[in-house]
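Data block below; observations after.
Below, chains carry the letters A, B, ... as their sequence lines are ordered, and counting in each starts from 1.
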Number of protein chains: 2
Amino acid sequence: MAFTLRQLQYFISVAEEGTVSGAAQSLSISQSAVTDAIKELESDLGVTLFERHRRGLTITHKGHQFYRHATRILASVSDARRSFGEAEAPVGGNLQLGVTSLVAGYVLSDLLARYRRAYPGVNVTAIEDNGDYLEHLLIGGELDVAVMVISNLRDRVALQAEIFETSPYRLWLPLGHRLGGADIISVSDIVPEPLIMLTVDETEENTGKLLAAFSARPNVAFRTRSVEAVRSLVATGAGIALLPDLVYRPWSLEGDRIESRDISGALPVVQVGMVWRRGSRLTQAARDFIGLAQQQHAPRGRAAQER
Amino acid sequence: MAFTLRQLQYFISVAEEGTVSGAAQSLSISQSAVTDAIKELESDLGVTLFERHRRGLTITHKGHQFYRHATRILASVSDARRSFGEAEAPVGGNLQLGVTSLVAGYVLSDLLARYRRAYPGVNVTAIEDNGDYLEHLLIGGELDVAVMVISNLRDRVALQAEIFETSPYRLWLPLGHRLGGADIISVSDIVPEPLIMLTVDETEENTGKLLAAFSARPNVAFRTRSVEAVRSLVATGAGIALLPDLVYRPWSLEGDRIESRDISGALPVVQVGMVWRRGSRLTQAARDFIGLAQQQHAPRGRAAQER
DNA sequence: GGAAGTTATCGGATTTTCCGATAGCAGATG
DNA sequence: CATCTGCTATCGGAAAATCCGATAACTTCC
């Protein structure tokens, strides 16, 4: 337990700004202090969090891993602070959530845990379905809020959306793949490779568009609805995959390791966020949920100013 | 975000030891340092965490509230540390959990969240039933581990148990109750009061025994299986309740406040823990679960030594 | 009244943290 | 090619935090 909350704060800021100087400015602190903090943190963990770069620094895989924990810790701290904030007007009632399957395991679980902790009186129910159907339910008033991929939201008139996480597409490779050593990977490199396709939410559609933009037809070796299956298939060398970073984990179920790489070029990102019906009066429970989610992954700016 | 992880560590130690000196000794640190840290923490939060007492110090209600958050934060920190500990041998497989209803909402949810985070590959299923039936399933090999109240475990030959939390009984009162102002509350004070009885797990049996030890027959005004109902009934003045501290929350569903008080005298405590079949080879998933739970609420001693 | 136990307080030593300046490096620019 | 710009690493000293030891004040128990 040697590292400090302050170090975590600096680390997160650096990870998000992508540069020490930027983080220092955003924290209104000197640059050397940030450098020291990061160095101290790394030596304490015994892990290199960033790769020093000519122009800024890019986060390591382990750094990314630690980033998740760090944000979680700071969220807990924020909860603790707020817990006896202002009388905590305890709300009861119901909250009807909708969620798409990709988001369910990777985004909603944390969010829901925090929400239940903060508002234990609310009775939460959640259903999982595809995005179109969720939109239908939202418009019909049968759902309060949906957490979903909103990059391709259909009805932007009746529905209001708020992004709270954007996740870039990354390339998943088995360890030792020929592309693993390449300095730069471009889309044309991956076109001939056999591709493992996840057929959940809109990932298939997106990946198809992605490659079509380079006038390439993907060489699809497998289709599956299970992220775990994609991991196993990639790990055992059945192919490579192109998936948003938020579902990436460095190992498969059986323990085989996989690797994830950035792809050069401006590939689109997946936007995860909340959707609710525009103009409809939200219940207190829904407002609280939205507020919590907003503050989960957006508050970096404010957090910096608060200092 | 001003307080420090160190302060949290000291705070937890004081809360558990019940005295600054004891905490200082357990942390192998000077007493004044602990006093300073607590005082700093209190002034930062703007809340008094402890009531200074002639003989040690007792935790405030808000202190208790903060304690929960503090342990959660430190658990997250520990997770972050361990996350890239040693290759993280990723296990798959299944884990069959059993849980009694009281424990499900108040103990298991946190534990399960941490477990899924640490071992995302394991497929967890849980069933909720009464203690006797869980014992039956454990012996039959249909459950890997059960999380339950183990104070009155029947079969201690075939089953092995490990406590990881003990929760004292406390008295729940509506705000402004005549006993709320009393300096000391003894069992004889509460005997004539109408009692709200929770008929879940073994709480009814325990409460009965408790009062019977003072040769008193409880004056039961209500029986219910819902903790929420107990809160509402207590808050609206229908009676008082005698329940383990781990289910205490200071407000009812409707927002009415309730209060909890210590009772003088050595009342028994509820022991929550895990149970598994003695001698049977546990699966890796079960061993991991047990290890995580052990380290959730027991590591204070070790944590102190690690310093 | 004294002994033993507790927490609070204070001054000084030690350690951590921060800052500002400087050096070094890579790319952009003239 | 020289120069400028934007970035990180390093270093010494200042500032702040943390810790310690001693002491005071109080309560309980003998």
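- A salt bridge is absent between A:K39 and A:D44: the closest approach of a Lys/Arg side-chain nitrogen to an acidic carboxylate oxygen does not fall below 4.0 angstrom.
- The nearest whole Å value for the distance from the CD1 atom in A:I29 to the C1' atom in C:dC19 is 10 Å.
- One can place CD of A:E17 at 15 Å from C1' of D:dG6, the figure rounded to the nearest angstrom.
- Rounding to whole angstrom units, CD1 of residue A:I38 and C1' of C:dT16 are separated by 16 Å.
- Salt bridge B:R68/A:D79: absent, no basic N to carboxylate O contact under 4.0 Å.
- Here the C1' atom of nucleotide D:dA9 and the CZ atom of A:F50 are 15 Å apart, to the nearest Å.
- One can place CG of B:L5 at 16 Å from P of C:dT16, the figure rounded to the nearest angstrom.
- In this structure, A:R6 does not reach the C:dT16 phosphate: none of its side-chain N or O atoms is under 4.0 Å from OP1 or OP2.
- The nucleotide whose nearest atom lies closest to any side-chain atom of A:T4 is, among C:dT17, D:dC20, C:dC18, C:dT17.
- Rounded to an integer number of Å, the gap from CG of A:L27 to P of C:dT17 is 15 Å.
- Taking atom CG of B:L41 as the reference point, atom P of D:dA17 lies 15 Å away to the nearest angstrom.
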- Note on the structure: Reading nucleotides 6-15 of chain C from 5' to 3' and marking B where a protein heavy atom lies under 4.0 Å of the base, S where only the sugar-phosphate is that close, and - otherwise, the string is SBBB------

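- A salt bridge links B:E193 with B:R178: at least one charged nitrogen is closer than 4.0 Å to a carboxylate oxygen.
- With sequence neighbours excluded, no residue satisfies salt bridge (Lys or Arg N to Asp or Glu O under 4.0 Å) with A:E17.
- Applying the ring pair (Phe, Tyr, Trp, His ring centres under 6.0 Å) test to every pair with at least one member in residues 19-41 of chain A, sequence neighbours left out, gives no pairs at all.
- Remark: A:R52 engages A:E42 in a salt bridge, criterion side-chain N to carboxylate O under 4.0 Å.
- Taking atom CD of B:E51 as the reference point, atom P of D:dC26 lies 19 Å away to the nearest angstrom.
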